[in-house]
There are 2 protein chains.
Amino acid sequence: MGIRADYVTRPREWIASILAREPRFLSAAQIHQGLERVGARVSLSTVYRTLDRLQAKGDITARPDADGEVTYMLCEPSRHHHHAICRACGRVEDVDCAAMEQFAESLRALNGFELDGHAIEFFGKCGACR
Amino acid sequence: MGIRADYVTRPREWIASILAREPRFLSAAQIHQGLERVGARVSLSTVYRTLDRLQAKGDITARPDADGEVTYMLCEPSRHHHHAICRACGRVEDVDCAAMEQFAESLRALNGFELDGHAIEFFGKCGACR
DNA sequence: ACCTCATTTGCGAACTATTCGCAAAAATCC
DNA sequence: GGATTTTTGCGAATAGTTCGCAAATGAGGT
């Protein structure tokens with residue numbers, strides 16, 4: 001049955017390079033615009049399909065923004081960490097904080113709640129934007 | 001100019017009662033279905049408008065779910081707290097943890113990052129679902 | 001380089017969630 | 001109850017995302 005190959009194509013390389021070049025959560029539309037700006041014409045459908053694929057592979061993290069529009073960013077899922085997001089420029093900095101992990105662990109017994117995951121996001125202004 | 005009154009109407013009461021009865025994040029569509037199930041016929045438009053209004057008043061919290069669909073829950077914004085969300089039933093329990101606040105505060109100097117807010121969500125199984 | 005075949009792409013249509021405009025209905029106040 | 005303002009319902013419009021299918025492209029063998 002379905003032998004599933006994994007072709008290397010221009011659109012996929014282009015999309016990956018857009019994602020690789022900025023530490024920000026980008027919407028499909030923003031990525032599409034970024035591609036146009038570089039002269040790479042790729043359909044929006046392909047952008048969406050490629051993002052789905054990258055997410056399935058675990059190469060990117062998806063996150064609906066405040067308005068519900070889904071945004072994506074390159075992000076190693078293996079190393080567990082959290083994000084600090086600049087309210088001004090959107091730059092995302094990784095926060096790899098052992099103490100925080102430890103703290104989250106200590107909440108397992110919380111309210112009879114069997115904790116199996118958590119998400120933490122910090123907001124503020126990054127060094128450059130202050 | 002626009003004297004802005006604030007009428008008390010059936011639809012608004014019904015919608016509020018739907019929200020009041022369950023400690024879960026509900027989408028506009030789910031609220032609309034809940035209304036139908038109770039025999040209250042209210043248009044989806046009104047559900048959206050009422051939710052916008054409640055959010056503006058600060059009575060409810062909005063949160064896009066994993067798929068980007070926006071969900072709403074009654075939630076006092078005054079008392080700062082976080083949420084523990086059951087993966088099985090969606091029940092939300094408030095986590096009012098002073099120690100966590102304190103911890104978040106201690107991160108203000110993080111990476112030259114001027115911290116002005118944060119969001120924390122815990123996931124797991126609530127007591128009833130275990 | 002060429003052929004074959006599976007995979008991927010682009011396009012436009014379809015879908016879903018949400019918003020908007022406007023006339024009819026309901027709430028408030030006197 | 002009547003006048004006035006707000007709210008509602010409806011259907012159309014919009015925005016983000018998904019889907020179907022024919023044409024284009026990548027991979028591998030010759």
Side-chain angles (χ1 to χ4, degrees), chain A residues 1-19 24-73 90, chain B residues 1-19 24-73 90:
Chain A
M1 333 261 119
I3 299 173
R4 167 199 292 219
D6 218 345
Y7 289 11
V8 176
T9 68
R10 305 282 176 68
R12 287 180 183 170
E13 291 176 331
W14 291 333
I15 290 168
S17 80
I18 292 282
L19 285 168
R24 284 169 182 65
F25 279 95
L26 300 173
S27 67
Q30 289 176 315
I31 292 169
H32 188 241
Q33 289 160 19
L35 290 166
E36 282 191 334
R37 222 172 293 125
V38 180
R41 67 176 172 61
V42 179
S43 74
L44 199 47
S45 301
T46 296
V47 173
Y48 276 109
R49 281 182 294 224
T50 302
L51 290 170
D52 286 349
R53 176 188 211 73
L54 289 172
Q55 192 180 6
K57 286 209 310 175
D59 289 347
I60 65 179
T61 294
R63 182 186 96 93
D65 71 9
D67 304 321
E69 192 173 6
V70 183
T71 58
Y72 306 84
M73 189 181 70
Chain B
M1 339 247 118
I3 300 174
R4 169 198 289 220
D6 218 347
Y7 290 10
V8 175
T9 67
R10 306 282 176 66
R12 287 180 183 169
E13 291 176 330
W14 290 334
I15 290 168
S17 82
I18 292 282
L19 285 168
R24 283 168 184 66
F25 279 96
L26 300 174
S27 67
Q30 289 175 316
I31 292 169
H32 188 241
Q33 288 160 20
L35 289 167
E36 282 190 335
R37 221 171 294 124
V38 181
R41 68 176 169 59
V42 179
S43 75
L44 200 47
S45 301
T46 296
V47 173
Y48 276 110
R49 282 182 293 224
T50 302
L51 289 170
D52 287 348
R53 176 189 211 73
L54 289 172
Q55 193 180 5
K57 287 209 307 172
D59 289 347
I60 65 179
T61 294
R63 182 186 94 94
D65 71 8
D67 303 321
E69 193 174 5
V70 183
T71 57
Y72 306 84
M73 190 181 71

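Values below: every heavy atom of this structure, side chains too, minus hydrogens, waters and symmetry copies. Chain A is the first sequence line, chain B the second, and so forth, proteins listed ahead of strands; every chain is numbered from 1.
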Listed by chain and number, what are the side chain to side chain contact (heavy atoms under 4.5 Å, CB included) partners of A:S45, not counting sequence neighbours?
-> A:S43, A:R49

Measure from the side-chain N and O atoms of B:R12 to the backbone N and O of B:Y7, and report whether any donor-acceptor pair falls under 3.5 Å.
-> yes

Output for pair (A:I18 CD1, A:L26 CG), nearest 0.5 Å, gives 8.5 Å

Could you state the OH-C1' distance from A:Y72 to D:dG16, rounded to the nearest angstrom?
-> 10 Å

Please list residues of residues 60-70 of chain A whose heavy atoms come under 4.0 Å from any atom in DNA chain D, ordered by number; otherwise none.
-> A:E69, A:V70

With sequence neighbours left out, which residue pairs that include part of residues 59-72 of chain B fulfil the salt bridge (charged side-chain N to carboxylate O under 4.0 Å, His left out) condition?
-> B:K57-B:D59, B:R63-B:E121

The side chain to side chain contact (heavy atoms under 4.5 Å, CB included) partners of A:P64 (sequence neighbours excluded) come to B:P64

Do the side chain of B:H32 and the main chain of B:V47 share a donor and acceptor less than 3.5 angstrom apart?
-> no

Using a cut-off of 4.0 Å between protein heavy atoms and nucleotide atoms, how would you tag nucleotides 7-12 of chain D 5' to 3' with B, S and -?
-> SBBBB-

Rounded to the nearest angstrom, tell me the gap between atom CD in A:Q33 and atom C1' in D:dA15.
-> 13 Å

Round to a whole Å and report the spacing from OH of A:Y48 to P of D:dA15.
-> 13 Å

Between D:dG16 atom P and A:D52 atom CG, what is the distance in whole Å?
-> 16 Å

Rounded to the nearest 0.5 Å, what separation is found between the CD1 atom of A:I15 and the CG atom of A:L35?
-> 5.5 Å

Contacts of A:Y72 meeting ring-ring contact (aromatic ring centres under 6.0 Å, His included) (sequence neighbours excluded), chain-then-number -> none

Within this structure, what is the CD-to-P distance between B:Q30 and C:dT18, rounded to whole angstrom?
-> 11 Å

